[in-house]
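Working notes, beginning with the structure itself.
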Amino acid sequence: MAMTARPAKVDELIRRLDQAVATADLHRLCSNVKRVLAEVVSSGEQFVDPALLKPAPDRYARRLLHKDPAGRYSVVVMVWDQGQGTPLHDHAGVWCVECVYRGRIRVTSFDLEGDAAAERPQFTPESVVFAGVGEAGHLIPPFEYHTIENPDATPSVTIHVYGGELTWCHAFHPLEGGGYRRELRTLSYTD
């Protein structure tokens, strides 16, 4: 069976990300990746395979676009149908840059008060950002606690670049009387 050629824009994205992550300065690295994602997405070219853009019925879809052979980063496409989102969560200490490919998302960042491993960790909402196509943001631990959701009636698509392959995180669920319950969550890709 012959393999389908990858779109030139995906090849460009990977080439530029390879260059963007070639620094030990984490703030510069995330700034570089953010710039690359914003420029490639803002080109207007639809380069993500349509098979990766389908919503999942019961939760947001998470699909691998590229995994760097050297393990420096991975690129994941996420599809958010109407009303879909994440619980409050961290990124297990892994940096992340995300960019809106289609639609719009709402990102709420939280400040951790104390220790995330406490019996009832406490969080305070810090900011709410609505982002549209071509807009990108980043998370650098320890500032990594957030939610993402689709506030609109049509599906949204985001492209996430992680500092490695994110296979787990902690989700935080509100408790009656205050605080949150921490849960270890294994992450997988959507079929």
TODO: Could you check if a side-chain atom of Leu13 sits within less than 4.5 angstrom of a side-chain atom of Leu65, using non-hydrogen atoms only?
DONE: yes
Applying ring-ring contact (aromatic ring centres under 6.0 Å, His included) to Tyr60 and not counting sequence neighbours gives Trp80
- Query: Under 3.5 Å, is there a donor-acceptor pair between the side chain of Arg63 and the main chain of Lys54?
  - Reply: yes
Salt bridge (Lys or Arg N to Asp or Glu O under 4.0 Å) pairs touching residues 122-136, sequence neighbours excluded, are none
Taking every heavy atom of Asn32 against every heavy atom of Ala20, the minimum-distance pair comes out as ND2-O, 3.2 Å
message: Please say yes or no: joined through hydrophobic side-chain contacts below 4.5 Å, possibly via intermediate residues, are Leu26 and Val21 part of one cluster?
response: yes
Would you indicate whether Arg28, at its atom CZ, is surrounded by more than 12 heavy atoms from other residues, nucleotides or ligands within a distance under 6.0 Å?
-> no
Nearest heavy-atom contact between Ser156 and Ile105 is CB-CG2, 4.1 Å
Interatomic distance, CD1@Ile148 vs NE2@His160, rounded to 0.5 Å, equals 4.5 Å
Lys67 meets the side chain to side chain donor-acceptor pair (under 3.5 Å) criterion, sequence neighbours left out, with Glu165
Under a 4.5 Å side-chain heavy-atom rule over Ile, Leu, Val, Met, Phe, Trp and Tyr, are Val128 and Val107 clustered together? no
> Do Val76 and Leu64 have side-chain heavy atoms sitting under 4.5 Å apart?
Replying inline: yes
Establish whether Leu166 and Leu184 are linked, either directly or via other cluster members, by ILVMFWY side-chain heavy-atom contacts under 4.5 Å.
no
Output for pair (Glu12 CD, Leu17 CG), nearest 0.5 Å, gives 10.0 Å
Exercise for the section: Establish, yes or no, whether a centroid distance under 6.0 Å links the rings of His89 and His170. Expected result: no
Those residues at least two apart in sequence (or on a different chain) that pass side chain to side chain donor-acceptor pair (under 3.5 Å) with Tyr101 are Gln46
Of all heavy-atom pairs linking Thr190 and Ala61, the shortest is OG1-CA, 3.3 Å
All heavy atoms of Val79 vs all of Gln84, minimum pair found to be O-OE1, 3.8 Å
Of Thr158, Asn150, Asp152, the one forming a side-chain hydrogen bond (donor to acceptor under 3.5 Å, both in side chains) with Arg104 is Asp152
Practice problem: Say whether, by atom type as modelled, one donor and one acceptor occur between the side chain of Thr86 and the main chain of Thr147 under 3.5 angstrom. | Solution: no
Scanning both residues in full, the closest heavy-atom pair of Arg182 with Ala116 reads CD-O, 3.4 Å
Tracing side-chain contacts under 4.5 Å among Ile, Leu, Val, Met, Phe, Trp and Tyr outward from Phe110 reaches Leu88, Leu112, Phe123, Tyr145, Phe172, Tyr180
Could you pull out all donor-acceptor pairs under 3.5 Å where a side-chain atom in residues 137-144 meets a protein atom, sequence neighbours excluded?
| residue | atom | partner | partner atom | Å |
| --- | --- | --- | --- | --- |
| Glu144 | OE1 | His91 | N | 2.8 |
| Glu144 | OE1 | Ala92 | N | 3.4 |
| Glu144 | OE1 | Gly93 | N | 3.1 |

Donor-acceptor contact present, side-chain Arg102 to main-chain Val157, <3.5 Å: no
dist Cys99:SG -> Lys34:NZ (nearest 0.5 Å) comes out at 10.0 Å
CE of Met78 to CD of Glu98, rounded to nearest 0.5 Å, is 8.0 Å
_I'd like to know if Val100 and Val129 are part of one continuous hydrophobic network [Ile/Leu/Val/Met/Phe/Trp/Tyr, side-chain heavy atoms within less than 4.5 Å]._
no
What one should report as the nearest heavy-atom pair of Gly134 and Ala38 is O-CB, 3.5 Å
d(Tyr73 OH, Tyr162 OH) to nearest 0.5 Å is 15.0 Å
Under 6.0 Å from the CG atom of Asp58, do we count more than 12 heavy atoms belonging to anything else shown?
yes
CZ (Phe47) and CG (Asp11) are apart, to the nearest 0.5 Å, by 11.5 Å
